[in-house]
Structure formats: structure tokens, C-alpha cells
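The analysis underlying the following values was restricted to heavy atoms, covering all of them including side chains, and did not include hydrogens, waters or symmetry mates. Note that the structure is predicted; figures quoted are calculated from it, not measured.
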Amino acid sequence: QVQLVESGGGSVQAGGSLRLSCAASAFTRTAYCLGWFRQAPGKEREGVAGIYTGARTTYYADSVKGRFTISIDGAKNELLLQMNSLKPEDTAMYYCVAVTAPGYTFPDLPGRLSAWGQGTQVTVSS
């Protein structure tokens, strides 16, 4: 079973940058889609950015377009999320997910054919 471990979260001021990493075992060969979700207190978990491993097509939530970039480092088996121009509303726990269900559509919440990391906290102060 794939195990995912996120890192790179932290506290920054508005306008700053962070890069999140998600390390996993060989998910680049088994996952259909990889993505980042986030959840702020009192809010539902939402898909932020996703990438389909075959065609490497990407999806971004409107709220992060132009600021966030998702990518895969195949050599390291890492999923990355570069976050620039951070805003206080980006504050949330960020989770990476690997989805093996064929035909899955990001940013729907994946079903049981998925693996989640434990999350990494991102806090942006104004």
C-alpha cells in the first residue's frame, strides 16, 4: 500500500512562498492522478491542484490559478506544490493524495482507491 508523507508546510507572511513535497513509494507508476487538497477549520476539504500521471495534464482551483504549480519529480517519487503570492485565505492543512481509480476526476473527493498523507499545516499571516 502506498504511504505518503508531506513536508514543507510552515508559517509565512502574505505574499510569501512555500513549497510542499509529498514523498511516496513508486506512486508515479501506480497512481492515475495525484493531487493536493486542503482543509481549513470549519470548512470542507477542497481540491487545490491535481495532475494526471499519464498525460501530465493539470487542474487548479480558481482560487490558486497563477499562484500555485503542481509537478512530479519522477526521480525522487515526489509530488510537489510550489505556492507563491500566498494569501491569508490559503491557511489550511494541506494533504496529498494518490488515486488509483481509473477515470477519477479531480477535484472530486476520491473513494477507497486512494491514499492520503497525514497533512502539513500552512499558515499565512496578513
message = Looking at Y59, is its backbone amide N or carbonyl O close enough to the side chain of Y52 to form a donor-acceptor pair, meaning the two atoms are under 3.5 Å apart?
response = no

L113 with I51, same ILVMFWY side-chain cluster at under 4.5 Å
no

- prompt: Is the centre of the F37 ring less than 6.0 Å from the centre of the W116 ring?
  reply: yes

Between the CZ atom in R56 and the CG atom in L34, the distance rounded to the nearest 0.5 Å is 8.5 Å

Side-chain (R67) to main-chain (S85) donor-acceptor, under 3.5 angstrom | yes

**Prompt:** Is the shortest heavy-atom distance from the side chain of P110 to the side chain of V97 under 4.5 Å?
**Reply:** yes

Any donor-acceptor N/O pair, S114 side chain to A98 backbone, under 3.5 Å = no

* Do the side chains of V5 and W36 join up, straight or via other hydrophobic residues, at under 4.5 Å, putting them in one cluster? -> no

One should read off an interatomic distance between M83 CE and T69 OG1, to the nearest 0.5 angstrom, of 11.0 Å

Handout entry: Q118 backbone acceptor or donor facing E6 side chain under 3.5 Å
Key = yes

- [ ] Would you sort out whether V122 and V12 count as a side-chain contact (heavy atoms from CB on, under 4.5 Å), showing the intermediate values?
- [x] CA-CA 8 Å; V122 171; V12 296; 5.6 Å; no

Scanning both residues in full, the closest heavy-atom pair of P88 with A14 reads CD-CB, 4.1 Å

The reported gap from CG in L4 to SG in C22 (rounded to nearest 0.5 angstrom) is 4.5 Å

Rounded to the nearest 0.5 Å, the OG1 atom of T58 sits from the CZ atom of F68 at a distance of 14.0 Å

- Item | S17 side chain reached by Q82 side chain, heavy atoms, under 4.5 Å | yes

- request: For the pair K87 and D90, find out whether any cationic side-chain nitrogen is under 4.0 Å from an anionic carboxylate oxygen.
  value: no

So the side chain to side chain donor-acceptor pair (under 3.5 Å) pairs with at least one residue in residues 93-108 (sequence neighbours excluded) are R38-Y94

For L79 and S71, the nearest pair of non-hydrogen atoms, with its separation, is CD1-O, 3.4 Å

Separation between CD (Q39) and CE (M93), nearest 0.5 Å, reads 9.0 Å

Is it true that a side-chain atom of Q13 and a backbone atom of V124 form a donor plus acceptor pair closer than 3.5 Å? no

Here the gap from N77 atom CG to I72 atom CD1, rounded to the nearest 0.5 Å, amounts to 9.5 Å

Test your reading of the model: is there a side-chain donor-acceptor pair from T123 to the backbone of S11, 3.5 Å cut-off?
no

Sorted by chain and residue number, the salt bridge (charged side-chain N to carboxylate O under 4.0 Å, His left out) partners of K43 (sequence neighbours excluded) come out as none

- Given the rule that I, L, V, M, F, W and Y join up when any side-chain heavy atoms are under 4.5 Å apart, are L80 and V48 in one cluster? no

Of all heavy-atom pairs linking G35 and F106, the shortest is CA-CE1, 3.9 Å

